[in-house]
Amino acid sequence: MSTPRTKVGTWTTYKRLLGYTKAYSSVGIFAILGMIVDAGALVLFTKLIKPLLDDIFVNKDPYTIFWMPIWIIVIFSARGVASFVTDYGMAYIARNVVQKIRTEVFDTYLRMTSAFFANEPSGHQVARITYTSEQVAAASTDAVKVAIIDGLSVIGFASVMIYYSPYLAMALLLLVPAVGMVATVVSRRYRRISRRIQAMMGSVNGTVEETIGGQREVKIYGGQAYESKRFFDVADSTRRLNLKVASTGALSTATIQTLAGLALALIVFLGTRQAVLHDMTAGTFFSVLSAMGAILPSLKRLTSVQSNIQRGLVAAEDLFEIIDTPPEEDKGTLVAERTRGDIRFEAVEMTYPKAQTPALRGIDLHCARGTVTALVGRSGSGKSTLVSLLPRFYEPGAGDILLDGHKLADYTLGSLRRQIAWVGQNVILFDDTVARNIAYGELEGASEAEIIAAAEAANAMEFIRRMPEGLNSRIGQSGGQLSGGQRQ
């Protein structure tokens with residue numbers, strides 16, 4: 001990238017990410033209420049285990065026998081509605097957050113300098129839109145869902161244990177601190193691996209993009225074996241990194257399950273002491289045991305969600321870094337309405353970023369208005385570089401370029417570029433209709449007669465008429481449905 005990575009605190013990144021959800025706060029409130037009801041319903045059912053066993057099976061209480069099935073139906077019906085509200089609400093927020101961030105990143109790309117695109121592989125730029133932006137959904141919404149539901153569930157189940165038997169609840173003193181330590185270690189490892197996975201996904205996209213874009217060259221020069229090996233290497237690196245994530249998650253799960261087994265064994269040990277057995281009912285014991293058993297899946301999910309959180313935060317850091325990158329410098333104040341076309345290069349020098357030698361050195365050139373200037377020279381002598389300075393794709397390192405007596409930097413970028421027609425060495429066309437490619441961007445409002453006139457002037461109307469829908473025919477990505485001459 002063109003700028004070094006600035007280290008940003010985890011909480012700062014997460015707070016900024018959550019800021020994208022503020023626009024959907026009303027939906028978020030309903031979703032959070034659903035989470036509270038979801039967690040509360042499960043805790044309430046666990047609390048009912050004691051009367052279920054003691055009042056129904058031991059005391060044969062008719063009131064409890066009548067109402068218990070109704071309570072269970074109400075509890076799980078409420079949980080079902082709450083689960084739907086939560087899942088749909090969080091998905092709604094997540095999709096909108098991803099859409100907003102994607103749009104901001106794409107709009108930032110449109111304002112970036114040419115140096116940025118030259119310094120970073122296009123695969124990484126595409127990966128931010130396709131892969132990286134998807135990761136933020138997990139951190140901004142899915143993680144919140146798990147944190148609230150399972151966090152409240154753990155608190156609720158622990159409260160049930162303490163309410164019924166503070167003595168048996170001592171098992172929590174073994175479980176909770178140990179799980180906290182596991183979560184901390186796992187979180188750090190996930191963050192390290194997530195950065196590497198993100199970089200590798202850009203390499204995968206770049207390899208595919210280059211091979212597909214150069215498929216003719218690959219075929220004609222017999223590069224299939226080389227490209228296959230190159231893709232296998234980057235894909236295999238991604239596979240190994242994802243396996244590290246899986247192994248970390250599996251190890252943390254196994255550790256928590258082992259700790260849970262020890263905690264459950266401790267409850268059984270404490271509950272079966274002679275001094276305790278005389279005073280404790282079966283309902284109390286099984287309520288505490290069930291609450292401990294219910295805590296375990298919640299603790300497991302709270303630990304496992306670290307993977308999503310860390311991936312999302314690493315993704316958000318990368319996306320925010322792009323969004324915060326300064327756009328092309330545009331400090332000009334002159335608005336070029338209709339230039340005369342007198343161009344002067346005065347002692348112009350230009351060195352590409354990271355290059356050791358200058359591409360241009362001491363260029364003095366006068367292109368008078370009304371004349372045609374042809375730049376002739378060997379490949380790599382700086383012809384394209386010289387021309388690229390006119391629309392200010394790059395800025396000269398020294399010297400001045402004057403247009404009608406004014407420095408290029410004095411003109412606003414938009415008005416300057418409206419004076420220039422650009423036909424590059426590589427023909428760039430968009431996957432749209434013929435008409436939209438001819439009248440592109442600020443020329444979009446051109447009439448059909450103007451478009452036809454332009455096509456006639458370029459000797460293109462003859463083959464355009466033969467296309468299935470004429471000017472409204474789509475030409476495919478990069479004009480793939482046209483011949484080389486037709487694209488020109």
Side-chain angles (χ1 to χ4, degrees), residues 106 109-112 114 117-118 122 125-126 209-221 328 336-343 367-394 403 408 411 413-488:
F106 188 79
Y109 282 163
L110 296 177
R111 300 189 298 270
M112 289 292 228
S114 297
F117 294 103
S122 61
Q125 296 155 14
V126 174
E209 187 179 276
E210 287 178 352
T211 303
I212 292 176
Q215 52 92 14
R216 294 184 178 182
E217 288 76 10
V218 171
K219 290 174 181 175
I220 202 69
Y221 291 110
E328 289 181 295
E337 298 293 348
R338 179 66 177 174
T339 58
R340 293 182 294 109
D342 187 82
I343 301 171
C367 304
R369 59 172 298 193
T371 63
V372 176
T373 301
L375 303 176
V376 181
R378 66 182 185 277
S379 179
S381 59
K383 303 184 297 298
S384 298
T385 301
L386 187 69
V387 174
S388 295
L389 295 176
L390 290 175
R392 292 183 60 196
F393 293 153
Y394 294 94
L403 173 61
L408 289 186
Y411 292 99
L413 268 179
S415 67
L416 171 66
R417 288 171 179 173
R418 278 194 292 272
Q419 311 301 312
I420 300 171
W422 180 270
V423 180
Q425 291 172 306
N426 300 316
V427 179
I428 301 297
L429 296 174
F430 298 94
D431 186 8
D432 209 328
T433 64
V434 173
R436 286 187 177 275
N437 271 277
I438 294 175
Y440 176 74
E442 294 183 345
L443 302 176
E444 188 176 3
S447 66
E448 183 175 343
E450 291 172 321
I451 294 172
I452 292 174
E456 293 280 11
N459 297 317
M461 203 60 209
E462 181 179 349
F463 76 82
I464 292 174
R465 288 194 181 96
R466 295 197 300 268
M467 298 179 73
E469 298 180 59
L471 288 170
N472 295 317
S473 301
R474 298 190 73 91
I475 61 175
Q477 186 172 351
S478 299
Q481 298 180 21
L482 304 177
S483 68
Q486 290 171 337
R487 287 197 296 270
Q488 285 282 357

Taking the side chain as every heavy atom from C-beta outward, state whether T433 and L471 have any atom pair closer than 4.5 Å.
->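 No, side chains not in contact.
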For [X], check side-chain hydrogen bond (donor to acceptor under 3.5 Å, both in side chains) against everything at least two apart and list the hits.
X	result
S415	T412
E469	none
N472	none

Is the number of heavy atoms from other residues, nucleotides or ligands under 6.0 Å of F117 CZ greater than 12?
->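 Atom CZ in F117 is packed in, count exceeds 12.
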Quick one: which residue pairs count as a salt bridge (charged side-chain N to carboxylate O under 4.0 Å, His left out) with a foot in residues 369-385, not counting sequence neighbours?
->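 Sorted result for residues 369-385: empty, none.
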Pair up each side-chain donor or acceptor in residues 450-462 with any protein partner under 3.5 Å, not counting sequence neighbours, and list the distances.
{"unit_1": "E450", "atom_1": "OE1", "unit_2": "S447", "atom_2": "N", "d": "2.8"}
{"unit_1": "E450", "atom_1": "OE1", "unit_2": "S447", "atom_2": "OG", "d": "3.4"}
{"unit_1": "E456", "atom_1": "OE2", "unit_2": "R465", "atom_2": "NH2", "d": "2.7"}

Considering all heavy atoms of both residues, which atom of [X] and which atom of [Y] are nearest to each other, and what is their separation?
X	Y	value
Q125	Y109	O-OH, 2.8 Å
A336	Y411	CB-CD2, 3.7 Å
T371	A368	OG1-O, 2.5 Å

Within this structure, what is the [atom1]-[atom2] distance for the pair [X] and [Y], rounded to the nearest 0.5 Å?
X	Y	atom1	atom2	answer
L386	L375	CG	CG	5.5 Å
Q419	E337	CD	CD	8.0 Å
L403	L416	CG	CG	6.5 Å

Under 4.0 Å between a Lys/Arg side-chain N and an Asp/Glu carboxylate O for R417 and E328?
->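 Answer for the salt bridge query: yes.
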Looking at residues at least two apart in the chain, or sitting in another chain, which of them share a side-chain contact (heavy atoms from CB on, under 4.5 Å) with T385?
->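 side-chain contact (heavy atoms from CB on, under 4.5 Å) list for T385, sorted by chain: M350, Y352, A359, L360.
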